[in-house]
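In this chain, residues are counted from 1 in sequence order.
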Amino acid sequence: MTLKRISIRIPLSAITYLKLLWGKIDIYNIALMMKSPNNFKGYYYSLFMISLMLCLGARSQLTTDFYSQTCPSLLSTVRKQVQSAIKTEMRMAASLLRLHFHDCFVNGCDASVLLDGDNSTEKFALANVNSARGFEVIDAIKSAVESSCSGVVSCADILAIAARDSVVLSGGPTWRVLLGRRDGLVSNGTLANAALPSPFEALDAIIQKFVDVGLNITDVVSLSGGHTIGLAKCATFDNRLFNFSGTGAPDTTMEATMLADLQSFCPVNGDSNRFTALDRNSTDLFDNHYFKNLLNGKGLLGSDQILYSSDLAASTTKSLVESYSSNSKLFFNDFVNSMIKMGNISPLTGTNGEIRKNCRAVNS
């Protein structure tokens, strides 16, 4: 009997599994199947079902082309809205990047930070209340996306794309954003208070919060580099200016000229809501200048400077700070990898969660 060549289209995601499956079938068994059309039909059906299940499983994971068929204009729509927002207020780039960060660290990247509600929600957590911003920009993006692709794109994915675009439009690196997240149904302020890193925490506590969500020390340092853009309130660093840790003196790791400037800008009993640049002398450009500042004692937040100056830094983060300060390409590469990792923290996929119609509220 002459065996005929059989051509079966198999999705790429199933290739490895099917190779293993075919490897268990010898030529004799193939010949038997060829003799019996019914046997072969059953086998063909099995292959089809396996392929289908594998494809569905793969589709439930995050991919860069998730909306290529259902919303092909998505990326250009988001970019246009982010560009408009940053043109209106340059600081918005840092705010949108921070929103994505604060979303992913609490219940994963599920847009829970966007949900309105009472003081038990994430918006009222200490790290977010009167601090997290950019919600109206996300609303505008969602509205624009809904106009062309109604009910298709999640708010969680919009946050991820907007964060990438904010970095790019500030002069930073680009990357292909993994997509396919769905939106969560719960916003947990208590968890936000526990999970989000604080500018007042020690380095070991900050590292542990990253580890808790599957990130490592490289991610701690590279993602902290996001502070190369944006502003911070006096309230987030004035503890370093006069009576640091109850010593009655300023934080000795802060450079003298910077200290004097900030003591004047944020005096005792002054307005704690005044803002100044996180990255002194390079406020709006996404670059490695933030790390150069740390080497010179010019980190604004305590959680910034401890990456270089704390006792624990010597064995954990200091060498990375030094490397990034002299090698912007290395910083950009690590930052991109860390953003992709962070964006993959416990995403809701498949039938979990929902696609919100309004980013501020779960669907009725």
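Taking all atoms of both residues into account, the shortest heavy-atom contact from Lys357 to Asn363 is N-OD1, 2.9 Å. Pairing each heavy atom of Ile138 with each of Ala162, the nearest pair is CD1-CB, 4.4 Å. Annotation for Thr218 and Leu320: closest pair CA-CD1, 3.7 Å, computed over non-hydrogen atoms. Residue Gln263 comes nearest to Pro250 through the heavy atom pair NE2-CG, 3.7 Å, listed as atom of the first residue, atom of the second, then distance. Summarising the geometry of Ala313 relative to Ile306, their closest heavy-atom pair is CB-O, 3.3 Å, with the distance given to 0.1 Å. Listed here is the closest heavy atom pair of Ala93 and Ile86: CB-CD1, 3.6 Å.
With rounding to the nearest 0.5 Å, the separation of CG in Asp334 from CE in Met339 is 13.5 Å. Ser245 contributes atom OG, which lies 11.5 Å from atom CZ of Phe200 (distance to the nearest 0.5 angstrom). Atom CD1 of Ile206 sits about 10.5 Å away from atom CG of Leu312, to the nearest 0.5 Å. Atom CZ of Arg360 is separated from atom NZ of Lys142 by 13.5 Å, given to the nearest 0.5 angstrom.
Two residues are said to be in side-chain contact when any heavy atoms from C-beta on lie closer than 4.5 Å; Glu122 and Asn193 fail this criterion. Looking at heavy atoms from C-beta onward, Glu354 lies in side-chain contact with Val362 at the 4.5 angstrom threshold. Put simply, the side chain of Leu231 reaches to within 4.5 Å of the side chain of Thr283, judged on heavy atoms. By the 4.5 Å heavy-atom criterion applied to side chains, Tyr67 and Ile161 are not counted as neighbours. For the pair Leu62/Pro347, a side-chain contact is recorded, criterion being any heavy-atom separation below 4.5 Å from C-beta on.
A salt bridge does not link Lys233 with Asp238: every distance from a Lys NZ or Arg NE/NH1/NH2 to an Asp or Glu carboxylate oxygen is 4.0 Å or more. With respect to Glu255 and Arg280, no salt bridge is recorded, no charged nitrogen being found less than 4.0 Å from a carboxylate O. Looking at Arg182 and Asp110, no side-chain N of the basic residue comes within less than 4.0 Å of a carboxylate O on the acidic one, giving no salt bridge. For Asp116 and Lys123, the salt-bridge test passes: some basic side-chain N is under 4.0 Å from an acidic carboxylate O.
With Asn293 as the partner, the side-chain hydrogen bond (donor to acceptor under 3.5 Å, both in side chains) test is satisfied by one option alone out of Asn281, Asn288, Asp279, Asp304: Asp279.
Two rings, from Phe286 and Phe335, have their centers less than 6.0 Å apart.
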Decide yes or no on ring pair (Phe, Tyr, Trp, His ring centres under 6.0 Å) for Phe237 and Phe265, but give the supporting numbers first. CA-CA 12 Å; Phe237 60 83; Phe265 187 77; 7.7 Å; no
Determine, step by step, whether Gln208 and Asp204 satisfy the side chain to side chain donor-acceptor pair (under 3.5 Å) criterion, reporting the C-alpha distance in whole Å, the side-chain angles of both residues, the deciding distance to 0.1 Å, and the verdict. CA-CA 6 Å; Gln208 186 59 53; Asp204 58 345; over 6 Å; no
Before giving the answer on side chain to side chain contact (heavy atoms under 4.5 Å, CB included), spell out for Leu191 and Asn107 the whole-Å C-alpha distance, their side-chain angles and the decisive distance to 0.1 Å. CA-CA 8 Å; Leu191 180 58; Asn107 283 332; 3.3 Å; yes
For side chain to side chain donor-acceptor pair (under 3.5 Å), just list the numbers for Thr121 and Ser187, CA-CA rounded to whole Å, side-chain angles, deciding distance to a tenth of an Å, and then say yes or no. CA-CA 5 Å; Thr121 61; Ser187 182; 4.7 Å; no
Let's go through Arg133 and Arg98 carefully: what are the C-alpha distance in whole Å and the side-chain angles of both, what is the deciding distance for side chain to side chain contact (heavy atoms under 4.5 Å, CB included) to 0.1 Å, and is it a yes or a no? CA-CA 9 Å; Arg133 58 198 302 275; Arg98 185 169 181 255; over 6 Å; no
Could you walk me through whether Trp175 and Val167 pass the side chain to side chain contact (heavy atoms under 4.5 Å, CB included) test, one step at a time? CA-CA 10 Å; Trp175 63 94; Val167 171; 4.1 Å; yes
Kindly indicate, with the supporting measurements, whether the criterion side chain to side chain contact (heavy atoms under 4.5 Å, CB included) is fulfilled by Asp251 and Gln305. CA-CA 10 Å; Asp251 184 348; Gln305 195 58 49; 5.7 Å; no
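Sorted by first and then second residue, the pairs that involve residues 177-250 and meet disulfide (SG to SG under 2.5 Å), not counting sequence neighbours, are Cys234-Cys266.
The number of heavy-atom neighbours closer than 6.0 Å to CG of Asn273, taken from other residues, nucleotides and ligands shown, is above 12. Residue Asn130 qualifies as open at atom CG: its count of foreign heavy atoms under 6.0 Å is 12 or below. With a 6.0 Å radius and a threshold of 12 heavy atoms from other residues, nucleotides or ligands, Lys341 has its NZ atom above the threshold.
In this structure a side-chain-to-backbone donor-acceptor pair under 3.5 Å is missing from Thr77 to Val145. One N or O on the side chain of Thr247 and one on the backbone of Phe244 form a donor-acceptor pair closer than 3.5 Å. Side-chain atoms of Arg181 never come within 3.5 Å of backbone atoms of Ala111 as a donor-acceptor pair (strictly under, hydrogens ignored). Of the possible donor and acceptor atoms, none in the side chain of Ser170 sits under 3.5 Å from a partner among the backbone N and O of Gly172. Under a 3.5 Å cut-off, the side chain of Ser325 and the backbone N or O of Lys292 do not form any donor-acceptor pair.
By the 6.0 Å and 45° rule, Lys329 does not stack over the aromatic ring of Tyr324. In this structure, Arg91 satisfies the cation-pi test against Phe275, with its NZ or CZ atom closer than 6.0 Å to the six-membered ring centre and inside 45 degrees of the ring normal.
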